[in-house]
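Okay, structure first, notes after.
Both counts, for ligands and for their atoms, begin at 1 and track the order of listing.
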Amino acid sequence: MIDYSFPLYRPPAEADNIIIQATLGCSHNRCSFCTMYKTKRYTIRPLNEVCREIEALAHTYPNANKVFLADGDALALPTDHLAKLLRLLKTSFPRLTRVSLYATAQNFLEKSIDELKELRAGGLSLAYFGIETGSDALLSKIDKGVNADQMIEALRRAHEANIKISATVILGIGGIEYTREHIHDTAKLINAAPITYLSTLQLGLEEGAKDRFLKAFDSFTPLNDLQILHEQRELLSLINPPQKIIFRSNHASNALHLSGTLPKDSKKLMAQIDDALRVGEGALIPKWFRGF
Ligand code: SF4
C-alpha cells in the first residue's frame with residue numbers, strides 16, 4: 001500500500017509501529033562508520049504526498065498509537081512542516097500516544113527551544129540520538145559534525161523541551177588506541193546530559209565504510225569481544241547521570257545482553273560482566289548469531 005523508499009531503517013523498538021517517511025536519507029550523511037543512507041540523497045518529501053500516505057495508513061490501522069517518522073533525521077525538517085505533519089497524525093490516529101524520529105545534535109541546535117516545545121506540544125515525544133562517543137578527537141575522526149559540548153547542548157535542549165532521548169554509544173569505536181579516552185569522555189558526556197534511554201552497540205564496519213573510517217586513524221586496532229566487555233564495564237562504572245537512565249545492551253551486535261536502570265543497577269550489571277569475563281568467549285553470544 002505504501003511505496004516505501006528502500007533501504008528503510010527504524011529502531012528495533014519501532015518494529016510494530018506505523019512508519020512514515022517524512023524525509024529520505026540523512027541531512028548529515030557523513031559519519032564515517034555509517035552506510036545507512038549512502039545510496040540516498042537527503043530529500044524533504046512533499047507534504048501532500050506524505051499526507052496521502054498518513055490518511056491511507058490511518059484508514060488501514062485506525063487504532064495505531066505509535067508512529068515513527070523516517071528516514072535518518074526527520075527533525076531536520078523545517079518546524080512548520082513538521083508541525084503540520086504532527087497535526088495531521090493527531091487527527092488521523094485518535095489513539096496516538098507517541099511520535100518518534102531519529103535526530104542529530106545539529107537538528108536540535110538548529111531549532112530554538114520554543115520551536116522544540118511547539119513540536120513537543122504537537123506530539124513529538126521521543127528522539128533516537130547517536131552519541132557514539134564523547135571524545136572530541138573521535139567525534140572529529142568519525143565526522144560526526146559536532147563536538148561533545150555541542151552534543152551536550154543539543155541534549156539539554158531536548159530535555160528542556162521535554163522530548164525524551166534514546167541515545168546510542170558505540171563500543172570499540174576508538175580501537176585499542178583510544179579506548180580510555182572514548183570511555184572516560186563518553187561517561188563525562190552522559191553525566192552532563194539528561195537522557196532517558198541508553199543503548200550500547202558494538203562497532204561493526206561494513207565494507208563500504210571501512211576505508212574511509214580507518215583513514216582517519218594513524219593506527220586502529222579493533223577490540224575483541226572481551227575487550228569490548230571491559231569497555232562496557234568501565235563505562236558503567238563511570239556513569240553517574242543527572243537523572244535515571246534505562247540502559248540496554250541488546251542490539252543484534254552485542255556479545256552480551258544487559259539491561260537495567262542506571263545508576264541503581266550499575267553494580268549488578270558490572271557483576272554480570274565480571275561473570276562473563278571469568279567464563280570467557282563461552283559466555284558470549286556466538287558471532288554467527290549476531291548482526292552488525
Ligand atoms: S547522522 Fe546518523 S544516519 Fe546520518 S550519517 Fe550519521 S550515523 Fe548515519
Note to self: With the threshold set at under 4.0 angstrom, would you say Y9 reaches ligand 1 through any of its heavy atoms?
What the structure shows: no
Notebook entry, point to check: What are the protein N/O/S atoms, named by residue and atom, that sit under 2.8 Å from atom 6 (Fe) of ligand 1?
Noted result: C31 SG
Check: Which side chain to side chain donor-acceptor pair (under 3.5 Å) pairs, counting each pair once, include a residue from residues 78-93, with sequence neighbours left out?
Finding: T79-K111, T79-E115
Check: Below 4.5 Å, heavy atoms only, C-beta onward: do D71 and P7 meet side chain to side chain?
Finding: no
Margin query: Could you work out, with side chain to side chain donor-acceptor pair (under 3.5 Å) as the rule, every residue matching H184, not counting sequence neighbours?
Written below: E234
Next item on the list: For N48, enumerate each residue passing the side chain to side chain donor-acceptor pair (under 3.5 Å) test, keeping only those at least two apart in sequence or located in another chain.
Entry: none
Note to self: Please check this pair: side chain of Q227 against backbone of N224, looking for a donor-acceptor N/O pair closer than 3.5 Å.
What the structure shows: yes
Checklist line | H257 side-chain N/O to I285 backbone N/O, donor-acceptor pair under 3.5 Å | finding: no
Check: Considering only heavy atoms of Y37, which atoms of ligand 1 have at least one such atom less than 4.0 Å away?
Finding: 3 (S)
Margin query: Whether the N240 and N191 side chains hold a donor-acceptor pair (N or O, under 3.5 Å, no angle test) is what I'd like checked.
Written below: no
